[in-house]
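Structure first, commentary second.
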Amino acid sequence: MKAIRFFAVFIIGLLLIAILSRSLWYVAPIKFPLEFVIDAVKFDILCIIVGFYVLFWGIVAIIYLARHKIYNKLSAQKSLHSYMFILPYAKPYWIRTLLAIVITIPIGTMDAVIAWSLKPFMDVVLIEKQTGWTMYIPLMIVVFSILQAVFTYIATYLNTWVGSRISLDLKRKLFNTLLHRDATFFDKNNSGFVLMRFNQDAESACGGLLNSMRLFSTRFFSSLSLLVVLFYNSWKLAIVATIVLFGALMPLTKVKKRLNAVVSKDTDLMAKIYRDYNEIFSGNRIVTAYNLFDFCKKKFTNNINNAFDMTLQMKKKTGIISPLMHVISSFGIAFVIWFGSYLIVSHQITVGNFASFVTSLVMLYNPLKSIGNNASNIAVSLMAVDRVSDQLSAVDKIKNKPDAVELKKCRGEISYKDVSFAYVKNKPVLRHINLEIKSGETIALVGNSGGGKSTISVLLPRFYDVTAGSITIDNIDIRNIRLTDLRDNISIVFQDNFLFGGTIRENILLGRTDVSEERLNEVIKAACLDEFIDSLDNGLDTEIGERGVLVSGGQKQRIAIARAFIKNAPILILDEATSALDNKSEKIVQQAIDNLMKNRTVLVIAHRLSTVRNADCIAVINNGEIVERGTHEELLAKGGEYAALYKTQLS
C-alpha cells in the first residue's frame with residue numbers, strides 16, 4: 001500500500017512538471033517579452049528538471065527501503081545522541097531556527113543565478129554583438145548582491161540570537177546539574193574543569209555550532225544550485241566537475257577522528273589554565289607571603305606552552321585538509337578548461353556555456369578552500385556537544401530513592417549501625433562504627449588527626465553514602481529519606497565556613513524571606529554578633545567581600561552560627577568550629593555555640609578537649625575505629641587514650 005502511494009505521488013509530480021513547463025512555454029513570452037525567458041524553457045532545461053526530480057525520488061526511495069539500516073547506523077553515532085539530547089532546548093525557538101536555515105537557501109542560490117546570467121550575456125554581447133535585454137544583467141547582479149547581503153545579515157542575527165538563547169538555557173540546566181552533584185564530583189575535579197565543562201563547552205556547543213552550521217548550510221545550497229547550472233551548461237563537464245568535487249570532500253570524513261584526542265587534551269589544558277587563575281585569586285596571600293611568584297609563573301607558563309603545542313598539533317592534523325582540497329580542485333578546473341576547449345571547438349557548447357560553467361565551477365570550488373576549517377570548527381563544536389551531553393546525563397550516586405519518605409517532626413534520634421566507609425575502594429576510612437545518640441544529647445568525637453571524625457559527621461547529611469552498615473534518624477534509614485527533608489533537619493558549622501559575596505544580612509538569611517526583623521535581631525544576639533554589627537556603619541548591610549575576606553575568622557564563625565539559628569534544625573553538627581580561633585575569639589564563639597546547642601541533638605568534632613567536657617558522651621576515634629567511649633570523668637578514670645590526649649593538651 002505504501003509503495004502504491006509512493007508511486008502515485010511520483011506520477012503526480014511528473015504531471016505537474018509537464019503542465020508547468022507547457023504553460024510557461026506558451027504564457028511566458030506574452031507576459032515577459034524578453035528573449036531570455038523563451039530561451040530559459042528549452043527542452044534541455046526540462047530534461048534537467050525531470051532528471052533532478054527522478055534523482056530526488058530515487059534517493060527518497062533508497063532511504064525508505066534502507067531506513068532500518070540507516071537508523072541502526074545513526075544510532076551508533078554518539079553525536080546524534082547528543083543532538084537529540086539538546087534538541088528540546090532548540091524547540092522553543094524552532095521558528096527562528098527554521099527561518100535562519102530557510103534564509104540560507106536564497107543566499108546560496110543567488111550565486112547560481114549570477115553565474116547563469118553570464119551565458120546569455122556572453123552569447124548575445126560577444127558572439128552576436130547585440131545588447132538588448134542583456135543591459136539588465138549588471139543591474140540584476142547588483143540587486144541580487146544587495147539581497148544576498150541583507151539575507152546574510154538576517155541569517156547571522158537569527159543564528160546569534162538562537163545560539164545565545166540555547167546557550168543560556170543550557171547554562172541554566174548545567175548550573176542546576178552542578179548544584180546537585182555529589183561531594184565525590186567536587187573531590188575529583190578542580191575549578192578549571194568546572195568552568196570548562198559547565199560554561200565554555202555550552203558556548204562552543206551552541207554558538208560555534210550554529211554559526212558553523214549556517215555557513216555549512218549556505219554553502220550546501222550554493223553548491224547544489226551551482227551544480228544545477230553546471231549540468232545546464234554541459235552535462236559532460238559537470239560529471240567531471242562532480243567527480244572532482246567528491247574527491248575534494250573525501251578528506252573531510254577524517255576530520256573528527258583526527259581531532260578527538262587533541263581536542264580532549266586541549267580542553268584539559270585549558271581547565272588547568274583556568275585553575276591557575278582561580279588559585280592565584282583565592283590564594284593571593286599565600287603567594288605573596290611565600291614569594292611564590294616565580295613558582296606560579298613557571299607553572300602557568302608551562303601550561304600555556306602545552307596549550308600552544310596542542311593548538312599546533314590540531315593545525316597539523318587538520319591544516320593540510322584545506323590545501324589538499326585546493327590542489328584537488330585545481331586539477332578539476334584545469335581538466336575542465338582543457339576539455340571545455342575541445343567542446344567549444346567541436347560546437348557542442350557555446351562560449352557563453354563555457355564562461356557560465358567556469359564561473360560556476362570557481363564559485364563552487366572556492367568555498368571548498370575554507371570548508372576544511374569550517375568542518376574542523378563543526379567537529380570541535382560536536383565534541384563540545386558530546387561533553388555537555390555527558391554532564392547533563394551523568395547520574396550521581398547520592399539521590400532520592402523512588403519511594404523516599406518525608407521526615408516529619410524530626411526528634412533527632414541518631415543511630416550508626418556497624419558503619420564502614422571508604423573514599424577509595426578497598427581503602428577503608430571507617431570500620432564498624434556503632435553509635436547511639438538520643439534526642440537532645442550531645443556526643444563528641446575526639447582523637448588524632450585523620451582518624452575519621454569528620455567523615456562520621458559528613459555521612460549523616462549524605463554527602464557520601466556508607467559502604468556498609470546503615471545510619472538512621474528516628475529509626476528511618478537516611479537513604480530512605482528525601483534528601484531535602486534530611487538536610488533541612490541538619491545544621492552544620494564547619495571549621496572554615498564559606499561566606500558568599502554580599503552583605504552580612506544576605507549571608508545569615510541565605511535567601512530566606514520569611515524571617516522577621518525581630519527574629520533576625522534575636523539570632524544576632526544569640527550568635528554574639530550584636531556588638532560587631534553595631535560597630536559597623538552599614539550594620540547588617542555591610543559588604544564582606546568574596547568568601548568573606550573583609551571579616552575575621554571569629555566573625556565568620558559567628559555568622560555561620562547565626563545561619564544555624566535561622567535554620568533552627570533539630571540536629572546540629574559542629575566540625576572543629578573553634579579550632580582555628582585565638583583564645584579571645586574562641587570564648588565568644590563558644591558562648592554562641594552554647595546558645596545554639598540548647599534543645600538540639602549535637603554531634604561535636606573537636607581537637608581541643610576543653611570544649612567537649614560537658615558532652616553526654618565522648619567517643620575516641622583512632623584509625624577509623626571507636627577505641628573508647630564515655631563521659632569526660634569516666635574516660636579520665638580509665639587512663640586510656642583520652643586521658644593521654646587530655647594530659648598532652650594540659651602540658
Side-chain angles (χ1 to χ4, degrees), residues 407-419 421 430 432-447 451-463 466 469-478 481 485-495 526-527 560-561 564-565 567-579 589-622 625-638 640-643 645-646:
L407 185 59
K408 297 179 178 178
K409 297 181 180 179
C410 177
R411 300 187 302 276
E413 295 179 358
I414 303 169
S415 177
Y416 286 74
K417 299 177 181 178
D418 200 30
V419 169
F421 176 75
L430 299 177
H432 309 293
I433 300 296
N434 289 281
L435 284 173
E436 293 289 338
I437 311 171
K438 296 179 181 179
S439 177
E441 278 191 346
T442 296
I443 185 167
L445 305 178
V446 301
K453 303 183 298 297
S454 293
T455 301
I456 291 175
S457 69
V458 296
L459 292 176
L460 186 60
R462 286 192 71 193
F463 290 175
V466 297
S470 65
I471 303 173
T472 64
I473 295 178
D474 295 350
N475 296 317
I476 305 172
D477 193 316
I478 59 172
I481 301 172
D485 286 349
L486 173 65
R487 292 167 183 171
D488 278 344
N489 284 283
I490 301 172
S491 294
I492 308 176
V493 179
F494 295 101
Q495 177 182 356
I561 291 167
F565 269 115
K567 191 173 185 181
N568 197 28
I571 299 172
L572 173 65
I573 297 173
L574 300 171
D575 189 357
E576 307 279 8
T578 62
S579 64
V589 171
Q590 189 61 52
Q591 183 182 345
I593 288 174
D594 291 341
N595 294 336
L596 180 62
M597 291 169 65
K598 292 175 182 177
N599 303 317
R600 288 182 171 84
T601 303
V602 184
L603 191 62
V604 182
I605 295 95
H607 273 111
R608 296 184 182 178
L609 303 186
S610 59
T611 62
V612 298
R613 294 179 61 175
N614 297 324
D616 297 301
C617 179
I618 299 172
V620 182
I621 314 292
N622 277 336
E625 297 178 338
I626 298 177
V627 295
E628 285 183 335
R629 73 178 76 198
T631 63
H632 174 70
E633 290 76 13
E634 289 171 349
L635 291 174
L636 284 179
K638 282 184 180 180
E641 294 197 30
Y642 179 82
L645 283 171
Y646 189 74

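In this text the structure is predicted, and so the values were computed from the model without any measurement. Excluded from the calculations below are hydrogen atoms, water molecules and symmetry mates; all remaining heavy atoms, backbone and side chain alike, are included.
- Listed by chain and residue number, Phe463, Arg487, Ile490, Ile492, Ile573 satisfy the side chain to side chain contact (heavy atoms under 4.5 Å, CB included) test with Pro461 (two or more places apart in sequence, or in another chain).
- Remark: Asp485 engages Arg482 in a side-chain hydrogen bond (donor to acceptor under 3.5 Å, both in side chains) (not counting sequence neighbours).
- Here the side chains of Val602 and Leu574 are in contact, with some heavy-atom distance below 4.5 Å.
- A search for side chain to side chain contact (heavy atoms under 4.5 Å, CB included) contacts involving Leu645 returns Asn448, Leu609, not counting sequence neighbours.
- At least one donor-acceptor pair under 3.5 Å links the side chain of Asp474 to the backbone N or O of Gly412.
- For the salt bridge (Lys or Arg N to Asp or Glu O under 4.0 Å) test, no residue two or more places apart in sequence or in another chain qualifies with Asp418.
- For Glu413, the salt bridge (Lys or Arg N to Asp or Glu O under 4.0 Å) partners two or more places apart in sequence, or in a different chain, are Arg411.
- Here CD1 of Ile561 is found 11.0 Å from CE of Met597. Values are rounded to the nearest 0.5 Å.
- For the atom pair Asn622 CG and Lys453 NZ, the distance stands at 8.0 Å (nearest 0.5 Å).
- Qualifying side-chain hydrogen bond (donor to acceptor under 3.5 Å, both in side chains) partners for Ser457, counting only residues two or more places apart in sequence or in other chains: none.
- The environment of CG in Asp616 is crowded: more than 12 heavy-atom neighbours from other residues, nucleotides or ligands sit within 6.0 Å.
- Residues satisfying the salt bridge (Lys or Arg N to Asp or Glu O under 4.0 Å) test with Asp477, not counting sequence neighbours, are Arg479.
- When all heavy atoms are compared, the tightest approach of Val419 to Ser470 is CG2-O, 3.3 Å.
- With respect to Arg629, the side chain to side chain contact (heavy atoms under 4.5 Å, CB included) criterion is satisfied by exactly one of Val627, Thr631, Ile626: Ile626.
- The CD1 atom of Ile414 lies 9.0 Å from the CD1 atom of Ile471; values are rounded to the nearest 0.5 Å.
- Rounding to the nearest 0.5 Å gives a distance of 5.5 Å between CG of Leu430 and OG1 of Thr455.
- The shortest non-hydrogen separation linking Ile621 to Gly451 is CG2-O, 3.5 Å.
- Residues satisfying the salt bridge (Lys or Arg N to Asp or Glu O under 4.0 Å) test with Arg462, not counting sequence neighbours, are Asp465.
- Closest non-hydrogen pair, Ile456 versus Tyr416, comes out as O-OH, 2.7 Å.
- Listed here is the closest heavy atom pair of Cys410 and Ile571: SG-CD1, 4.2 Å.
- Within the 4.5 Å cutoff, the side chain of Ile433 has no heavy atoms near those of the Leu459 side chain.
- Judged as a side-chain hydrogen bond (donor to acceptor under 3.5 Å, both in side chains), and not counting sequence neighbours, the contacts of Arg600 are Asn568.
- Within a 6.0 Å radius of NZ in Lys638, more than 12 heavy atoms belonging to other residues, nucleotides or ligands are found.
- Checked against side chain to side chain contact (heavy atoms under 4.5 Å, CB included), Ser415 has the following partners two or more places apart in sequence or in another chain: Lys417, Glu436, Thr472.
- The nearest pair of heavy atoms linking Tyr642 to Glu628 is N-OE1, 3.0 Å.
- In terms of the side chain to side chain contact (heavy atoms under 4.5 Å, CB included) criterion, residue partners of Ala526 (sequence neighbours excluded) are, by chain and number, Phe565.
- The distance from atom CG of Leu635 to atom CZ of Arg613, rounded to the nearest 0.5 Å, is 12.5 Å.
- For Phe494, there are no ring pair (Phe, Tyr, Trp, His ring centres under 6.0 Å) partners at least two apart in sequence or on another chain.
- The closest side-chain heavy-atom distance from Leu460 to Ile473 is below 4.5 Å.
- Residues Leu435 and Ala619 approach most closely at CD2-CB, 4.3 Å, considering heavy atoms.
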